[in-house]
Amino acid sequence: MTKATRPSSITCARCGDSKAVERSGPLPTYCSAACRASVKYEKSRRDGRYAETLAKARQKTREGQEAEARPCPYCAAPMTDRQRVQCGVPECRRRHAADWMAEWQRRYKEEAGHWYHRKYADQQREYDRMRRATGIHWRTRYPEAAASSDARRRSLVRQARTEEVFNPLEVHMRDAWTCRLCWQPIDEAAAWPDSLSPSIDHVIPLSRGGAHSMANVQSAHLGCNSSKGDGLMDDMVIAAARQALLS
């Protein structure tokens, strides 16, 4: 009676790859644990057990979230995520950010004895005043371009205007006089064309179809607003990240 010869390699029953085997022990059917798990997963899907188990797990998770739901502190909508402090609606996110910044500034003033201000703000303001006093404003130098820019701006505002009526002071008070682009406080006493003076920024620019409404406007420094231009917030974040990598 002849003894069966043990093969030196096997062919995987799933992927067909060849795998060397040891001299002793049982012969494997698959070349790796990944192939073995994949076959088991495909079998469970064919039998319908995977879908049933997944549906039960999702239902259990949904029921648990609904049982632990908390109301949003701003709009009272139910929140199922334990880590959320607001429901995620843009208006609630804006109000929460304004409250957080106001509280942070209050704590900073208690500890430092004065309001937090942008680094080198006084030097920047003095430089802007000197430049305006010694230079010629581009509107004076190019009156035709200024008139064309004003006409285009008026046309965009007229097309984007809604029935909602508001003034800039309401926007600044809602945002707690905080720039929504750099998250630094806005000086109420600063006047145009100071780069730190208050201005109204459209979250979605008018040139991109944004509406002239309270939900689409936010407080911003004049300099920050000019730097943003007709871009979106995502564009500013990408540009800042690219600049940080290059610097």
Side-chain angles (χ1 to χ4, degrees), residues 74 90-143 145-147 149-150 152-154 156-157 160-161 164-207 210-233 236-237 239-240 243:
Y74 300 101
E91 181 62 24
C92 295
R93 292 173 58 186
R94 189 191 306 275
R95 293 174 60 185
H96 170 70
D99 292 345
W100 183 90
M101 178 55 66
E103 177 63 21
W104 184 88
Q105 290 180 354
R106 184 190 62 79
R107 293 198 308 267
Y108 183 89
K109 185 176 182 181
E110 290 179 355
E111 297 175 0
H114 57 83
W115 292 106
Y116 178 82
H117 55 82
R118 184 188 284 186
K119 189 177 182 181
Y120 305 128
D122 296 336
Q123 295 90 327
Q124 180 66 36
R125 189 173 305 168
E126 184 63 28
Y127 172 76
D128 291 341
R129 291 198 189 99
M130 180 189 66
R131 188 178 60 179
R132 289 194 300 270
T134 57
I136 301 176
H137 198 271
W138 72 272
R139 287 181 170 274
T140 305
R141 184 175 298 177
Y142 309 106
S149 176
D150 293 342
R152 180 173 179 272
R153 180 71 178 181
R154 286 193 298 270
L156 290 175
V157 172
R161 192 179 299 279
E164 185 179 11
V165 179
F166 60 92
N167 58 58
L169 183 60
E170 296 175 351
V171 179
H172 295 314
M173 293 182 64
R174 181 199 65 185
D175 295 340
W177 290 94
T178 302
C179 177
R180 316 303 281 186
L181 301 178
C182 68
W183 293 99
Q184 303 298 329
I186 298 176
D187 187 2
E188 303 179 30
W192 186 91
D194 193 333
S195 61
L196 298 179
S197 62
S199 69
I200 300 301
D201 169 55
H202 290 84
V203 180
I204 301 178
L206 300 180
S207 60
H212 187 64
S213 61
M214 282 288 286
N216 191 47
V217 295
Q218 58 186 0
S219 298
H221 291 117
L222 180 61
C224 298
N225 197 353
S226 300
S227 299
K228 176 174 177 278
D230 61 348
L232 300 175
M233 294 294 295
M236 292 189 64
V237 172
Q243 183 65 26

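We number each residue from 1, following the sequence as shown.
A donor-acceptor pair is defined here as one N or O able to donate and one able to accept, closer than 3.5 Å; no such pair exists between the side chain of Asp230 and the backbone of Ser207. Although no hydrogens or angles enter the test, the distance criterion places a donor-acceptor pair under 3.5 Å between the side chain of Asn216 and the main chain of Ile204. Side chain of His221 to main chain of Pro185: a donor-acceptor pair is present (N/O by atom type, distance under 3.5 Å, no hydrogens or angles). Ser149 contributes no side-chain N or O that, together with a main-chain N or O of Ala145, makes up a donor-acceptor pair within less than 3.5 Å.
The distance from the CG atom of Leu196 to the OG atom of Ser199 is 10.5 Å, given to the nearest 0.5 Å. Atom CZ of Arg93 is separated from atom CH2 of Trp100 by 15.0 Å, given to the nearest 0.5 angstrom. Between the CH2 atom of Trp104 and the NZ atom of Lys109 there is a distance of 13.5 Å, given to the nearest 0.5 Å. Between Cys179 atom SG and Leu222 atom CG the span is 10.5 Å, to the nearest 0.5 Å. Interatomic distance, CD of Gln105 versus CD of Gln184, reported as 8.5 Å (0.5 Å rounding). For the atom pair CG of Asn167 and NE2 of His172, the computed distance is 9.0 Å after rounding to the nearest 0.5 Å.
Shown here for Arg94 and Asp175, the closest heavy-atom pair between the two residues is CD-OD1, 3.8 Å. Across Ala176 and Ala102, no two heavy atoms sit closer than the pair CB-CB, 4.5 Å. Annotation for Leu181 and Ala220: closest pair CD1-CB, 3.9 Å, computed over non-hydrogen atoms. Closest of all the heavy-atom pairs between Val217 and Val171 is CG2-CG2, 3.8 Å. When all heavy atoms of Cys224 and Cys182 are compared, the closest pair comes out as SG-SG, 3.8 Å. Nearest approach of Val203 to Lys228, heavy atoms of both residues: O-NZ, 3.6 Å.
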Stepwise side-chain contact (heavy atoms from CB on, under 4.5 Å) test for Glu91 and Tyr74 | CA-CA 9 Å; Glu91 181 62 24; Tyr74 300 101; over 6 Å; no

List the steps and the verdict of salt bridge (Lys or Arg N to Asp or Glu O under 4.0 Å) for Arg180 and Asp201.
-> CA-CA 9 Å; Arg180 316 303 281 186; Asp201 169 55; over 6 Å; no

side-chain contact (heavy atoms from CB on, under 4.5 Å) between Glu170 and Arg174, intermediate numbers included = CA-CA 6 Å; Glu170 296 175 351; Arg174 181 199 65 185; over 6 Å; no

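Among residues two or more places apart in sequence or in another chain, the ring pair (Phe, Tyr, Trp, His ring centres under 6.0 Å) test is passed with Phe166 by His212.
Salt bridge status for Arg106 with Glu110: present, with a side-chain N to carboxylate O gap under 4.0 Å.
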